[in-house]
Q: 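Right, I'll just put the structure down here and ask away after.
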Amino acid sequence: MADVIDSGTLLRERYGVDADDESLCLDESGTIRGLLAHRSVRAFDGRPVDPAIVDTLVTAAQSASTSSNLQSWSVVVVRDKTHKSAVAMLAGDQEFIREAPLFLVFVADWARGAAISRSRGEAAEGIGYFDSTLVATIDAAIAAQNAIVAAEALGLGAVFVGAVRNRPDELSALLGLPDASYPVVGVAVGWPHTARPARVKPRLPQSVVRHDERYASASASDLARYDEALRRFNESQGRTGSWLDAVVARVRSRSALHGRERLRGILSSRGLPSA
Ligand SMILES: Cc1cc2nc3c(=O)[nH]c(=O)nc-3n(C[C@H](O)[C@H](O)[C@H](O)COP(=O)(O)O)c2cc1C
């Protein structure tokens with residue numbers, strides 16, 4: 001349980017090294033401990049997730065801030081095994097989606113806004129601009145993060161699934177998503193498999209991501225230090241791999257986008273031209 005871990009351990013696990021420079025203020029409610037102890041869970045024990053928990057996760061998601069209170073997002077709750085398997089196939093064919101009893105698809109959704117405007121004889125021209133796509137996408141993403149935080153607070157495990165954007169046209173058809181909406185991110189949720197526990201994955205040192213007053217480029221030695229910490233972490237998980245290599249591989253060519261290079265065109269065909 002996160003609340004019995006001392007702050008030194010929390011920091012060490014979060015950065016993969018002794019983090020002497022970072023201080024930590026912990027709150028009584030355990031919220032910060034919970035955030036720091038986050039780890040993606042991709043192994044579930046098969047127990048179902050109670051309907052009251054699903055309601056709670058959606059309420060937590062709806063409690064996130066939302067741009068101008070427009071609430072331009074929706075969530076599709078997928079629990080049916082056959083349906084979930086079809087969704088998994090379109091989301092990178094990742095087995096843990098089938099294993100998870102619950103899969104939430106967070107959707108950027110201007111369909112409601114468009115319908116409200118149409119009912120008043122208004123054109124809804126503004127939906128076609130890039131910022132409107134961003135507004136709905138950011139709303140959907142932070143709603144999803146709230147759902148994950150709530151799930152973890154209840155002892156569940158969860159993992160984001162960006163692969164819902166690999167084949168968003170087909171997934172939208174499968175989920176019955178209307179025009180002016182698209183799947184932003186999925187969240188697989190379930191009870192963590194105790195025999196296959198997930199561990200906290202180290203993050204970059206603060207010196208790399210934090211810029212006081214003005215931006216400063218990351219030092220090669222700080223990046224190398226992190227690469228080494230992540231390599232040790234990967235080894236402890238029976239994996240090999242360098243973070244620096246992964247960054248290069250991800251941006252080297254369009255093939256690493258797994259179909260997402262088509263996203264702008266697909267959004268356009270779905271009524272979100274993002275001009
Ligand atoms: C937007 C987003 C999309 C992601 N998509 C996937 C995915 O499709 N499959 C997967 O296994 N993990 C996915 N992840 C999980 C990341 O791989 C994970 O958060 C990262 O490796 C850090 O590990 P941690 O969450 O355990 O700290 C995604 C995370 C985010 C934020």
Side-chain angles (χ1 to χ4, degrees), residues 2 5 10-17 19 32-44 61 64 73 75 78 84 87-100 102-108 133-134 136-153 156-168 170-171 182-190 192-193 196-206 208-209 226-227 229-247 249-251 256-260 263:
I5 301 173
L10 281 169
L11 280 172
R12 204 171 313 114
E13 292 195 337
R14 180 44 70 212
Y15 292 112
V17 288
I32 295 173
R33 280 181 196 278
L35 291 172
L36 267 60
H38 159 78
R39 77 280 314 265
S40 289
V41 171
R42 300 177 181 82
F44 305 101
W73 63 277
V75 59
V78 182
K84 188 154 51 60
V87 169
M89 180 62 79
L90 296 176
D93 199 18
Q94 299 180 90
E95 196 50 36
F96 63 79
I97 302 175
R98 292 189 184 86
E99 200 177 302
L102 172 66
F103 191 61
L104 304 172
V105 182
F106 285 85
V107 175
T133 301
L134 269 187
T137 303
I138 293 168
D139 265 23
I142 61 178
Q145 171 68 11
N146 258 26
I148 288 192
V149 170
E152 291 177 352
L156 288 148
V159 58
F160 276 107
V161 175
V164 297
R165 298 191 306 280
N166 290 11
R167 295 161 72 176
E170 293 160 85
L171 185 59
Y182 83 98
V184 174
V185 74
V187 175
V189 184
H193 201 302
R196 292 185 281 155
R199 276 193 48 203
V200 172
K201 188 184 282 184
R203 293 294 195 261
L204 288 163
Q206 282 199 14
V208 172
V209 303
Y226 175 65
D227 204 47
L230 196 70
R231 194 188 54 73
R232 277 198 307 272
F233 172 82
N234 282 337
E235 267 177 22
S236 78
Q237 303 299 288
R239 290 192 303 264
T240 54
S242 140
W243 183 78
L244 295 169
D245 289 352
V247 172
R250 176 62 175 77
V251 298
L257 285 159
H258 300 295
R260 295 183 215 174
L263 188 58

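Each residue takes its place number in the sequence, starting with 1. In each ligand, atom 1 is the first atom listed, and ligand 1 is the first ligand listed.
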Q: Answer yes when Glu95 and Arg98 have at least one side-chain N-carboxylate O distance shorter than 4.0 Å, and no when they do not.
A: yes
Q: Under a 4.5 Å cut-off applied to non-hydrogen side-chain atoms, are Val41 and His193 in contact?
A: no
Q: Would you indicate which of Arg42, Arg39, His38 comes nearest to atom 12 (N) of ligand 1 when only heavy atoms are counted?
A: Arg42
Q: Looking only at protein heavy atoms, identify the closest one to atom 1 (C) of ligand 1 and say how far it is in Å.
A: Val185 CG2, 4.0 Å
Q: Nearest protein heavy-atom contact for atom 22 (C) of ligand 1: which residue, which atom, what distance?
A: Arg203 NH1, 3.6 Å
Q: Begin from the C-alpha positions of Phe233 and Val200 and carry the test side-chain contact (heavy atoms from CB on, under 4.5 Å) through to its verdict.
A: CA-CA 9 Å; Phe233 172 82; Val200 172; 6.0 Å; no
Q: Just so I know, are the side chains of Tyr226 and Val208 near enough to count as touching, which here means a heavy-atom distance under 4.5 Å?
A: no
Q: Quick one: does any side-chain atom of Arg239 pair with a main-chain N or O of Arg231 as donor and acceptor, under 3.5 Å?
A: no
Q: Counting both backbone and side chain atoms, is some N or O of Ser40 under 3.5 Å from an N or O of ligand 1?
A: yes
Q: For Val159, counting its heavy atoms only, list the atoms of ligand 1 lying under 4.0 Å from any of them.
A: 12 (N), 15 (C)
Q: Output the list of atoms in ligand 1 that are nearer than 4.0 Å to some heavy atom of Ala163, sorted by atom number.
A: 8 (O)
Q: Of the protein's non-hydrogen atoms, which lies at the shortest distance from atom 21 (O) of ligand 1, and what is that distance?
A: Lys201 NZ, 2.7 Å
Q: Counting N and O atoms only, with roles assigned by atom type, does the side chain of Lys201 sit under 3.5 Å from a partner on the main chain of Ser40, one being a donor and the other an acceptor?
A: no
Q: Report the nearest protein non-hydrogen atom to atom 4 (C) of ligand 1: residue, atom name, distance rounded to 0.1 Å.
A: Gly162 N, 3.4 Å
Q: To check your reading of the model: name the closest protein heavy atom to atom 2 (C) of ligand 1, its residue, and the distance in Å.
A: Phe160 CB, 3.7 Å
Q: Just how far is it from atom CD of Glu170 to atom CE of Met89, taken to the nearest 0.5 Å?
A: 11.0 Å
Q: Taking only heavy atoms of Gln94 into account, list the atoms of ligand 1 that are under 4.0 Å away from them.
A: 7 (C), 8 (O), 9 (N), 10 (C), 11 (O)
